[in-house]
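A quick write-up on the structure given underneath.
A note on names: the letters A, B, ... follow the listed sequences, proteins ahead of strands, and every chain is numbered from 1.
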There are 2 protein chains.
Amino acid sequence: MLEVATLAGVSVKTVSNVVNHYVHVSTATRVRVQSALDELGYRPNLSARSLRGGQSGLIALALPELDFPYFAELARYIVQAAEAHGWTVLIDQTDGRAEREKLVMDGIRDQLIDGVIFSPLVTGARELAARRDTTPMVLLGERVHHGTMDHVGIDNVAAAQTVVAHLATLGHTRIAAIGEQRHRRGETARLRLQGYLAGLENAGLPFDPTLVMAAASYHRADGAAAMTELLALGDPPDAVFCFNDMLAIGALRTLRDRGVRVPEDVAVVGFDDIEESSYSAPGLTTIRPDKARIASTSIALLAARLDGGGGPSRDVTERFDLVVRRSTASPS
Amino acid sequence: MLEVATLAGVSVKTVSNVVNHYVHVSTATRVRVQSALDELGYRPNLSARSLRGGQSGLIALALPELDFPYFAELARYIVQAAEAHGWTVLIDQTDGRAEREKLVMDGIRDQLIDGVIFSPLVTGARELAARRDTTPMVLLGERVHHGTMDHVGIDNVAAAQTVVAHLATLGHTRIAAIGEQRHRRGETARLRLQGYLAGLENAGLPFDPTLVMAAASYHRADGAAAMTELLALGDPPDAVFCFNDMLAIGALRTLRDRGVRVPEDVAVVGFDDIEESSYSAPGLTTIRPDKARIASTSIALLAARLDGGGGPSRDVTERFDLVVRRSTASPS
DNA sequence: CTCGTTCTTTACATCGTTGTAAATTGCGTG
DNA sequence: CACGCAATTTACAACGATGTAAAGAACGAG
């Protein structure tokens, strides 16, 4: 900036004024400075701006796994929504490891980041409540914390109930569930299981604990393994509700390998509506959370905090839809 | 830092020395300063560090699309490799738009970023050569530019030849290709097509232009559409080489819907080996680039540049493998 | 011609950190 | 007890930008 000032024959502050479109700069000076800027190819130093002004234009998005299609799709929407605010998104992959998530809580890139959108996997209410870092944070996923942070999610219980109601209406009576998690802290599994149970009750169906399969994580391989176990049961299910699409795709794979027909012999439902699910064999019936809205709401909440907004924490529940594809039908 | 210094009764510089593990600090002072640091919960300001020292610990990864599984998987490896260097990765999604890619070339977050790993889609040799920004950059994908920037990729021509050789060995004679791009500048399509042609020639198979289908982009829907057109031919192919796995998965979907058996009636091959391809129906034969090595090499090249390495640009070609799954077999 | 007003431009300090070089302390030696 | 040397600590400046406040310029009115 000093070089530009020298070339234009003005002070650095005047250059700064031109760069920042300050009103009271004579047209003559403005033109002279501008051409000096262009000639030297001036680029502002963001570190300096950030140091001086306190804002960097950077927000962090902390997710468990980038190659988890649901998160990849969500990340895309968030990057787009952030762009509209002139923010750049720094993506942090936690791998669902407690130590990485703790790092996110404590501030990944301290005072370089204006705000954080965080999708916790193992971090619980206690850790969230104990957070000391003051960077504005918006939480995604299940609402584990009823405290000071903003939160965006969907009604998991209602969604799971919707799935079971759909299957029950079609005439299924032995509806299995894949995705229970006994040892993890994640609330997702608990809420979806709760909705599953409520759905059975609403439909007047008995609850059979042997039909609930645990999943160590929510990858395709876990779904395939769980489905194998279900098929080994003396009295196998006629429908399976998988707690996410990846599990369901794994389950479909197992069924295909075993020659079990979907949906004739077993109906399958997923959760998330990743793009892959509309190309699976057969197309997967699933719950579609409104990812675009989840993204834009998260950004809007963060923007409100950054614009000096204090106030109580806000909790937004976005809509979801049941997308019916070929993987569900009445039992034959 | 000033507060810490006051509390510990030393100068700011001594605090800085403790924070940076400078050797010549007496144990007594070190302990005193450390407890002051802990008590006040001191966190260094990265903007200031970056301003002063010139390095931010941030590198950018510019990719076309995050929800493209190949890029999501690659991003994951890169984030992991970067972590080992203590770098945080800032992910920039270009959507393959020229204007976004230009922004990457000109410096996304100027002087805040130590280096860039860039996977261009539409940026050509000319633009790359005209780059003025001096941030170290490593290019991924096809080598469009033979100039000053480091590059990591695989041998696309050889890989495509391998695919065609595999199909020809199985006994296929009418091998189609999906993924040609006439209007885009992307080199990927051109190189893979070149390998396809070379493969046909090696196998002594005639080249039939009607078997080469263009794809506007490389999404599942494009593959499905192209496959539909191929099936409408008077003399349809007995094998299809798709230039990436997403196209192949779309093609599989069309074939399934039309009741065409894979691999009995038509064999299908993809490119990239995304995880989804081992769960498709049937499992997809594909080319597996060594993503982990591409990632670690990119990071290593960047590290070399940042450690003051000038010198000529380096071009690294990583290995690939042909993964044979159920989607290919001898024609029945 | 002087004064007040508005418009432009500028000097200075500051954000938090760290390199440089100088000041201070401590200690062993002659 | 003075001296030299090493260990320890410090003051100062600088990284690049911008808010504050004040200085300088221009202009019309009396």
Side-chain angles (χ1 to χ4, degrees), chain A residues 1-37 40-58 86 107-114 133-135 306 308, chain B residues 1-37 40-58 86 107-114 133-135 306 308:
Chain A
M1 198 173 244
L2 179 60
E3 287 180 41
V4 176
T6 310
L7 178 61
V10 295
S11 72
V12 271
K13 186 65 227 264
T14 298
V15 177
S16 169
N17 286 338
V18 171
V19 169
N20 292 285
H21 306 105
Y22 179 65
V23 195
H24 296 302
V25 178
S26 70
T27 314
T29 334
R30 185 181 302 281
V31 169
R32 200 148 31 91
V33 171
Q34 189 58 55
S35 65
L37 285 170
L40 295 176
Y42 168 82
R43 323 296 290 303
N45 179 313
L46 298 191
S47 299
R49 272 205 182 150
S50 162
L51 175 58
R52 183 67 237 259
Q55 299 237 327
S56 65
L58 243 47
I108 320 170
R109 290 270 133 182
D110 237 326
Q111 310 181 56
L112 211 175
I113 280 180
D114 297 342
D133 192 46
T134 54
T135 312
L306 294 185
Chain B
M1 201 174 242
L2 179 60
E3 287 180 41
V4 176
T6 310
L7 178 60
V10 295
S11 73
V12 272
K13 187 64 226 262
T14 299
V15 176
S16 169
N17 287 339
V18 171
V19 170
N20 292 285
H21 306 106
Y22 179 66
V23 194
H24 295 303
V25 178
S26 69
T27 314
T29 326
R30 185 181 302 280
V31 170
R32 199 146 34 90
V33 171
Q34 190 57 55
S35 65
L37 285 169
L40 295 176
Y42 168 81
R43 324 297 289 303
N45 180 314
L46 298 189
S47 299
R49 271 204 183 151
S50 161
L51 174 59
R52 183 66 237 264
Q55 299 237 328
S56 65
L58 244 46
I108 320 171
R109 289 272 133 181
D110 237 326
Q111 310 180 55
L112 211 175
I113 281 181
D114 298 341
D133 191 48
T134 54
T135 311
L306 294 186

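Of all nucleotides listed (C:dT9, D:dT9, D:dT10), C:dT9 comes nearest to the side chain of A:Thr14. Of the listed nucleotides (D:dT9, D:dT18, C:dT10), D:dT9 has the atom at the smallest distance from the side chain of B:Thr29. Nearest nucleotide to the A:Met1 side chain, out of D:dA17, C:dA11, D:dT9: D:dA17. Out of C:dT20, D:dG16, D:dT9, the shortest distance to the side chain of B:Lys13 is found at C:dT20. For A:Arg52, counting side-chain heavy atoms from C-beta on, the closest listed nucleotide (C:dA13, D:dT8, C:dT18) is C:dA13.
Atom CD of A:Gln55 has more than 12 heavy atoms from other residues, nucleotides or ligands within 6.0 Å.
When heavy atoms are screened at a 4.0 angstrom cut-off, A:Val19 is found touching no nucleic acid atom at all. Among the protein residues, B:Arg43 comes within range of the sugar-phosphate backbone only, with heavy atoms under 4.0 Å from sugar or phosphate atoms but none that close to a base. Backbone-only contact: A:Tyr42 has heavy atoms under 4.0 Å from sugar-phosphate atoms and none from a base. Nucleic acid contact for A:Ser26: sugar-phosphate only, since backbone atoms but no base atoms lie under 4.0 Å from a heavy atom of the residue. If you check every strand for non-hydrogen atoms under 4.0 Å, B:Ser50 touches nothing. Here A:Asn20 lies in heavy-atom contact (under 4.0 Å) with sugar-phosphate atoms only.
For the pair B:His24 NE2 and D:dA6 P, the interatomic distance rounds to 11 Å; values are reported in whole Å. Atom CG in A:Asn45 sits about 13 Å away from atom C1' in D:dA14, given to the nearest Å. Atom CG in B:Leu112 sits roughly 12 Å away from atom P in D:dA17 (whole-Å rounding). Note: OH (A:Tyr22) to P (D:dA21) measures 13 Å, nearest angstrom. To the nearest angstrom, P of D:dA14 lies 12 Å from CG of A:Leu2. Between A:Asn17 atom CG and D:dA17 atom C1' there is a gap of 11 Å when expressed in whole angstrom units. Atom CD of A:Gln55 is separated from atom P of D:dG19 by 13 Å (rounded to the nearest Å). As a whole-Å value, the separation of A:Arg30 CZ from C:dT8 P is 9 Å.
In terms of modelled atom types and a separation under 3.5 Å, the side chain of B:Thr6 and the main chain of B:Leu2 share a donor-acceptor contact.
Closest approach of A:Val23 to A:Arg30, counting heavy atoms only: O-NH2, 3.7 Å.
Regarding contacts with the backbone of D:dG16, every side-chain N or O of A:Ser16 stays at 4.0 angstrom or more from both OP1 and OP2. At C:dT18, one or more side-chain N or O atoms of B:Arg49 fall inside 4.0 Å of OP1 or OP2 (strictly under the cut-off).
Heavy-atom nearest nucleotides on DNA chain D were determined for A:Pro44 and for B:Val10, and the one closer to the 5' end corresponds to B:Val10. Mapped onto DNA chain D by nearest heavy atom, B:Leu51 and B:Thr27 fall at different nucleotides, with B:Thr27 at the one closer to the 5' end.
Here the straight-line distance linking atom CG of B:Leu58 with atom CD1 of A:Ile113 works out to 7.5 Å at 0.5 Å rounding. The CZ atom of A:Arg49 sits 5.5 Å away from the CG atom of A:Asn20 when rounded to the nearest 0.5 Å.
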Go through the steps for B:Thr14 and B:Ser11 under the test side-chain hydrogen bond (donor to acceptor under 3.5 Å, both in side chains), then give the verdict. CA-CA 5 Å; B:Thr14 299; B:Ser11 73; 3.3 Å; yes

